[in-house]
Every structure is written in C-alpha cells, then in structure tokens.
Asker: 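Shown below is the structure under consideration.
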Amino acid sequence: MKKIILLLLWSCVAFGQGVKPTGAWLPVHVKWQHAPLSVNPKLETAATMVLYFDENSRFALIGGVVLRAPNHLTISHGDGQVVSLGEWDGHLPGQVKYRLVSRTVALNGETLPGPWREEKLASTPKGYLLFEGKLYRHVEDLEPSVRDLLQGTSTL
C-alpha cells in the first residue's frame with residue numbers, strides 16, 4: 001500500500017513539473033526521405049520547422065532542411081532557411097511572440113523584419129509541445145547546429 005501511495009505522489013510531482021521548453025524541438029511527424037545511395041546510403045533529409053528556446057526565454061522558429069544520419073542531426077547549410085526570432089512568456093500554457101528576420105531567398109516586395117506574430121504554446125502529458133497545431137518533441141542532438149545557425153542574429 002505504501003508503494004502505491006509513493007508511486008502516485010511521485011507521478012503527481014512528475015506530471016506537475018511538466019515540460020520545460022529549452023533547446024531544439026522537431027515535429028513528431030517528420031517525413032524523412034532517403035538521400036541517393038551514391039551520396040550516402042545512411043543519410044535522410046526532411047524539410048521541416050524547428051523550434052528553439054534558450055535559457056533566457058528567447059525563441060526561434062527555423063524552416064529548413066534537417067539532415068539525419070546515425071547518431072547525428074544537423075540543419076543543412078546548403079539549403080534555404082527561413083528564420084523567425086522572438087520570445088516566449090516562460091509559461092506553459094503560454095504565448096510565443098516572434099517575427100520573420102531572414103530568408104535565404106527573398107520574396108519580391110517583402111520587408112524584413114516582418115510583422116510580429118503571436119501563437120499559443122502548450123505541453124502534453126507525454127512531454128511534447130503543441131505549437132501552431134503540431135506536436136513537437138525535444139531533440140538534444142540538433143541543438144549545436146541550431147546555435148551555430150543563430151550565431152550573430154540580433155535576438156539570440
């Protein structure tokens with residue numbers, strides 16, 4: 001009986017702590033494609049969005065190609081990227097405020113930085129983040145690549 005009570009108390013504490021959004025997050029349902037065998041038989045690629053939260057409540061949303069090989073994830077520097085920067089309010093559920101700051105291929109007539117956008121951010125009991133209607137999972141292996149990409153940006 002004591003074990004059951006302790007397990008229930010521990011579960012409540014663990015659930016109450018929830019998710020802490022730091023680091024890089026990929027959508028749960030990423031569509032990976034195999035690279036040609038002549039390039040690398042173990043390489044997969046995906047055009048996707050990456051969320052990034054630093055320790056100071058700053059936020060980045062990166063659209064680009066992610067490369068996946070055994071034990072390695074990175075953002076492709078040879079493909080186009082779209083980068084939005086901003087901040088989140090530090091709460092879950094909470095709000096994220098961001099705007100487009102760079103795009104590899106400029107759109108005709110687009111002025112950067114773009115207008116501010118606000119979106120809701122929430123967590124799930126399974127440890128995912130819910131952002132713009134999609135579930136994201138924490139991916140620690142991608143963080144060095146994201147930090148390198150964001151180096152020199154005005155907000156992160």
Side-chain angles (χ1 to χ4, degrees), residues 11-35 42-156:
S11 297
C12 290
V13 169
F15 183 75
Q17 289 174 347
V19 175
K20 183 177 180 186
T22 56
W25 297 71
L26 272 178
V28 170
H29 302 290
V30 173
K31 293 185 180 183
W32 295 100
Q33 296 181 343
H34 290 279
K42 296 180 181 178
L43 179 66
E44 295 177 297
T45 67
T48 190
M49 302 299 284
V50 176
L51 307 180
Y52 182 77
F53 302 85
D54 78 1
E55 301 80 23
N56 299 312
S57 297
R58 292 179 292 204
F59 170 77
L61 175 65
I62 302 161
V65 174
V66 174
L67 307 175
R68 179 172 74 174
N71 303 315
H72 186 71
L73 279 170
T74 188
I75 292 178
S76 172
H77 293 282
D79 294 286
Q81 294 143 0
V82 178
V83 178
S84 296
L85 299 174
E87 57 189 28
W88 71 289
D89 63 9
H91 303 287
L92 284 175
Q95 290 281 109
V96 175
K97 182 178 177 181
Y98 61 98
R99 64 183 176 172
L100 181 64
V101 297
S102 73
R103 176 188 303 274
T104 304
V105 179
L107 294 181
N108 203 11
E110 182 177 56
T111 304
L112 295 179
W116 287 101
R117 294 186 56 184
E118 288 192 37
E119 295 290 337
K120 292 182 181 183
L121 180 68
S123 63
T124 71
K126 290 188 175 183
Y128 299 129
L129 290 180
L130 180 62
F131 178 75
E132 292 185 335
K134 293 182 184 171
L135 290 174
Y136 287 78
R137 63 184 175 88
H138 183 243
V139 183
E140 190 174 335
D141 294 347
L142 192 54
E143 292 172 20
S145 176
V146 173
R147 284 192 296 271
D148 287 347
L149 176 74
L150 296 174
Q151 235 174 14
T153 59
S154 59
T155 304
L156 285 172

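All residue numbers refer to positions in the sequence shown, counting from 1.
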Asker: If you look at every heavy atom in S57 and G90, which pair is closest and at what distance?
Answerer: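 Scanning both residues, the minimum pair turns out to be OG-CA, 4.3 Å.
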
Asker: Using 0.5 Å steps for rounding, measure from the CG atom of L129 to the CH2 atom of W88.
Answerer: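 If I round to the nearest 0.5 Å, the distance is 8.5 Å.
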
Asker: Hey, could you give me each pair passing side chain to side chain donor-acceptor pair (under 3.5 Å) that has a residue in residues 104-116? Not counting sequence neighbours.
Answerer: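 Sorted pair list: R103-E110.
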
Asker: Determine whether V66 and V30 make a side-chain contact, defined as any pair of heavy atoms from C-beta on separated by less than 4.5 Å.
Answerer: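 They are not in side-chain contact.
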
Asker: Can you tell me how far apart CG (L43) and NE2 (H72) are? Round to the nearest 0.5 Å.
Answerer: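 One gets 9.5 Å once the value is rounded to the nearest 0.5 Å.
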
Asker: Mind checking side chain to side chain contact (heavy atoms under 4.5 Å, CB included) for N56 and listing every partner two or more places apart, or none if nothing turns up?
Answerer: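 For N56 the side chain to side chain contact (heavy atoms under 4.5 Å, CB included) partners, ignoring immediate neighbours, are D54, R58.
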
Asker: Check W32 against A46 and note the closest heavy-atom contact, atom names and distance.
Answerer: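 For W32 versus A46, the nearest heavy atoms are CE3-CB, 3.5 Å.
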
Asker: Determine whether L73 and L67 satisfy the following criterion, side-chain contact (heavy atoms from CB on, under 4.5 Å), listing intermediate values before the conclusion.
Answerer: CA-CA 6 Å; L73 279 170; L67 307 175; over 6 Å; no

Asker: List, one per line, each side-chain donor-acceptor pair under 3.5 Å for residues 138-146, sequence neighbours excluded.
Answerer:
unit_1: H138; atom_1: NE2; unit_2: T22; atom_2: O; d: 3.3
unit_1: H138; atom_1: NE2; unit_2: E143; atom_2: OE2; d: 2.7
unit_1: E143; atom_1: OE2; unit_2: A24; atom_2: N; d: 3.3
unit_1: S145; atom_1: OG; unit_2: T74; atom_2: OG1; d: 3.0
unit_1: S145; atom_1: OG; unit_2: I75; atom_2: N; d: 2.7

Asker: Any salt bridge (Lys or Arg N to Asp or Glu O under 4.0 Å) involving residues 120-132? Give me the pairs, sequence neighbours left out, ordered by first then second residue.
Answerer: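 As it turns out, the salt bridge (Lys or Arg N to Asp or Glu O under 4.0 Å) pairs with a partner in residues 120-132, which skip direct neighbours, are R117-E132.
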
Asker: Can you pull out every salt bridge (Lys or Arg N to Asp or Glu O under 4.0 Å) where at least one residue sits in residues 89-101? Sequence neighbours excluded, please.
Answerer: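 Listed by first then second residue: nothing to list.
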
Asker: Can you see which heavy atom on P27 is nearest to which on M49, and at what distance?
Answerer: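 Closest approach of P27 to M49: CD-O, 3.1 Å.
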
Asker: Checking L112 against V101 for the side-chain contact (heavy atoms from CB on, under 4.5 Å) test, could you report, in this order, the C-alpha distance in whole Å, the side-chain angles of both residues, the deciding distance, and whether it holds?
Answerer: CA-CA 6 Å; L112 295 179; V101 297; over 6 Å; no

Asker: Counting heavy atoms not belonging to E118, are there more than 12 under 6.0 Å from its CD?
Answerer: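 For E118, atom CD is crowded (more than 12 foreign heavy atoms under 6.0 Å).
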
Asker: Residues two or more places apart in sequence or in another chain: which of them pass side-chain hydrogen bond (donor to acceptor under 3.5 Å, both in side chains) with E55?
Answerer: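 E55: no side-chain hydrogen bond (donor to acceptor under 3.5 Å, both in side chains) contacts found.
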
Asker: Enumerate, atom names and distances included, each donor-acceptor pair closer than 3.5 Å involving a side-chain atom of residues 77-85, sequence neighbours excluded.
Answerer:
unit_1: D79; atom_1: OD2; unit_2: S76; atom_2: OG; d: 2.6
unit_1: Q81; atom_1: NE2; unit_2: S76; atom_2: O; d: 2.8

Asker: Output every pair passing salt bridge (Lys or Arg N to Asp or Glu O under 4.0 Å) with a member in residues 22-31, not counting sequence neighbours, ordered by first then second residue.
Answerer: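 Matches after skipping sequence neighbours: none remain.
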
Asker: Classify the angle between the aromatic ring planes of Y98 and F131 as parallel (below 30°), tilted (30 to 60°) or perpendicular (above 60°).
Answerer: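 Geometry flag for F131 against Y98: tilted rings.
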
Asker: What heavy-atom pair brings F53 and F59 nearest, and what distance separates the two atoms?
Answerer: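 It is CE2-CD1, 3.5 Å.
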
Asker: Distance check, rounded to the nearest 0.5 Å: T48 atom OG1 versus H29 atom NE2?
Answerer: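 Separation between the atoms: 12.0 Å.
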
